[in-house]
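Down below is the structure, laid out as structure tokens.
Chain letters run A, B, ... following the sequence lines, proteins first and then strands; every chain starts at 1. The shown structure was predicted, so the numbers you read here are calculated from the model rather than taken from an experiment.
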There are 2 protein chains.
Amino acid sequence: MSAIRVLVVEDNPLIAADIEQCLTNINFHIVATAFTVNEAISELAAHTPDIVLLDINLGEERDGIDIAKIIAEKYQIPFIYITSYSDNATIERAKPTKPAGYIIKPFDERDLLAAIEIGLYNFSQRAIMSKSNITIEIVNKHISDPLTFREFEVLRAIYEGKTNQQMAKELFISINTVKTHIANLYQKLNVTSRTAAIALIRTWL
Amino acid sequence: MSAIRVLVVEDNPLIAADIEQCLTNINFHIVATAFTVNEAISELAAHTPDIVLLDINLGEERDGIDIAKIIAEKYQIPFIYITSYSDNATIERAKPTKPAGYIIKPFDERDLLAAIEIGLYNFSQRAIMSKSNITIEIVNKHISDPLTFREFEVLRAIYEGKTNQQMAKELFISINTVKTHIANLYQKLNVTSRTAAIALIRTWL
DNA sequence: TATAAAATCACCCATTTGGGTGAACGTTAA
DNA sequence: TTAACGTTCACCCAAATGGGTGATTTTATA
């Protein structure tokens with residue numbers, strides 16, 4: 001496994017050095033340390049790190065939360081806030097940016113490593129989640145009369161936007177058979193259209 | 001705002017008492033403290049708390065991760081692990097259960113409060129997310145010819161499984177107009193069916 | 001105010017989808 | 001060896017959807 005590439009944004013050189021020292025001896029590679037918002041922006045563009053550690057208070061007009069917005073907008077890289085005070089207003093402002101984690105100062109090496117590892121994991125999970133992984137188990141967990149395997153295959157194809165013709169071709173069956181499966185699974189899901197079926201599935205995936 | 005109802009699962013009475021003391025003086029109400037897996041299961045059923053604090057190591061055969069699986073399966077309540085970061089294998093086992101947060105021992109009151117607040121927030125966000133969180137901004141970010149607001153409303157209705165008739169009724173327009181909007185937005189999305197449109201949106205969710 | 005963009009509606013036609021019935025065939029388990 | 005179930009297919013009909021054209025009204029906005 002290659003080292004995890006970290007960008008640190010922290011205006012206090014002492015803390016920045018501390019973080020660097022914590023991370024460099026293990027599985028992490030600090031690609032850059034930014035002390036200002038502008039530095040952070042250019043370092044982001046230059047290195048596209050795997051994760052960003054963001055001090056919220058940077059002693060200038062714009063703060064870490066502004067950087068977070070840029071990251072979410074342009075890079076979709078997970079970021080972790082480093083925040084010193086439990087200033088409630090700041091926390092409330094930080095929450096909606098969907099950080100991968102928080103570290104409350106003062107923190108030790110263990111806190112830091114845990115936050116990064118967990119943050120990276122959750123972020124990757126969220127990305128995987130958002131793709132599509134319906135299973136027949138998940139579907140049948142929510143209905144009384146379970147789908148057969150073939151019905152499930154047709155349902156999945158519907159979920160993926162296929163037409164009946166495409167399904168017939170891909171599953172090597174006639175379009176009539178596809179229609180039979182659809183009629184049966186509609187009854188089991190208690191819906192009367194493809195889109196309703198999709199919307200239903202979405203609520204329980 | 002009513003107090004947040006917390007279930008604590010922790011076999012060490014000292015730590016349990018510590019947590020209780022931290023939480024009771026603020027906005028939290030501890031509905032129960034469980035010292036064993038079986039206790040946790042019955043307290044869960046009895047109180048259906050808002051959030052569960054789970055010590056992973058409970059000194060018995062089954063641990064907090066087993067409880068987490070039960071929570072995810074039957075209750076969909078967010079839970080936060082309390083763990084000492086020492087054991088890497090345990091952490092790896094804990095990650096896939098999608099906890100709302102972690103607290104690393106030893107922790108202080110501030111860590112605890114932050115974890116709960118953030119955990120609850122993220123969890124509720126995830127629940128909202130999975131319902132339907134399309135915005136016209138998100139959609140238009142991915143296409144060259146942007147949707148108009150009305151087209152977007154129709155697209156969202158499609159995403160939610162509505163039929164043309166339902167849309168016409170809900171948007172106070174004729175079914176012909178609905179069809180016009182659909183035809184236009186299909187061109188902009190470069191699709192030829194509702195399900196294809198939904199599948200497309202899902203990729204940029 | 002002139003003009004463009006957005007929103008509204010109508011009509012036609014072809015295709016797709018949904019609902020219902022019936023039936024053949026193979027596998028599995030009582 | 002029945003019976004139940006899953007899978008396959010056919011046919012019919014009604015409803016919904018998709019594709020195209022054209023037109024009017026409303027709403028920005030230059």
Can you measure [X] atom [atom1] to [N] atom [atom2] for me and round it to whole angstrom units?
X	N	atom1	atom2	result
A/Gln166	C/dT15	CD	C1'	14 Å
B/Ile175	D/dA15	CD1	C1'	10 Å
A/Leu185	C/dG19	CG	C1'	13 Å
A/Asn140	D/dG6	CG	P	11 Å
B/Lys188	C/dA5	NZ	P	11 Å
A/Ile182	C/dG19	CD1	P	11 Å
A/Glu153	D/dG6	CD	C1'	13 Å
A/Phe172	D/dT7	CZ	P	17 Å

Within the structure, does a side-chain N or O atom of [X] lie under 4.0 Å from either OP1 or OP2 of [N]?
X	N	value
B/Ser193	D/dT17	no
B/Asn164	D/dT17	yes
A/Arg194	D/dA16	no
A/Tyr186	C/dG19	no
A/Thr148	D/dG6	no
B/His181	C/dA7	no

| message | Parallel, tilted or perpendicular, judged at 30° and 60°: which one describes the rings of A/Phe152 and A/Phe149? | response |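 Correct class here is tilted.
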Measuring from the side chain of [X] (C-beta onward, heavy atoms only), which nucleotide among [options] has the closest atom?
X	options	answer
A/Lys179	D/dT17, D/dC12, D/dT8	D/dC12
A/Thr180	D/dT8, C/dT8, D/dT7	D/dT8
A/Ser174	C/dG18, D/dG18, D/dC9	D/dC9
A/Asn176	C/dT8, D/dG18, D/dC9	D/dC9

| task | Please round to the nearest 0.5 Å and tell me the distance separating atom CD1 of A/Ile158 and atom OG of A/Ser193. | result |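 Rounded to the nearest 0.5 Å, the CD1-OG separation comes out at 9.5 Å.
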| request: Hey, could you give me the CG/OG1 distance between B/Leu7 and B/Thr33, rounded to the nearest 0.5 Å? | output: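 One gets 7.5 Å once the value is rounded to the nearest 0.5 Å.
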Counting only heavy atoms not in [X], do more than 12 sit closer than 6.0 Å to its [atom1] atom?
X	atom1	result
A/Glu170	CD	yes
B/Gln187	CD	no
B/Gln166	CD	yes

| To the nearest 10 degrees, how far apart in direction are the end axes of the helix from C/dT1-D/dA30 to C/dA30-D/dT1, each fit to five base pairs? |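 For the helix from C/dT1-D/dA30 to C/dA30-D/dT1, the axes at either end differ by 50°.
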| request: Nearest-nucleotide wise, let me know which of B/Pro146 and B/Ile173 is further upstream toward the 5' end of DNA chain C. | output: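 This one resolves to B/Pro146.
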| 5′-ward residue of the pair B/Ala183/A/Phe149 relative to DNA chain D |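 Final value for this comparison: A/Phe149.
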| task | Test side chain to side chain contact (heavy atoms under 4.5 Å, CB included) on A/Asn38 and A/Arg62 and set out the steps. | result | CA-CA 10 Å; A/Asn38 283 333; A/Arg62 288 186 295 169; 3.0 Å; yes
| request: Taking atom types as modelled, find out whether A/Arg194 and A/Asn164 have a side-chain donor-acceptor pair closer than 3.5 angstrom. | output: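 The answer is yes; a qualifying pair exists.
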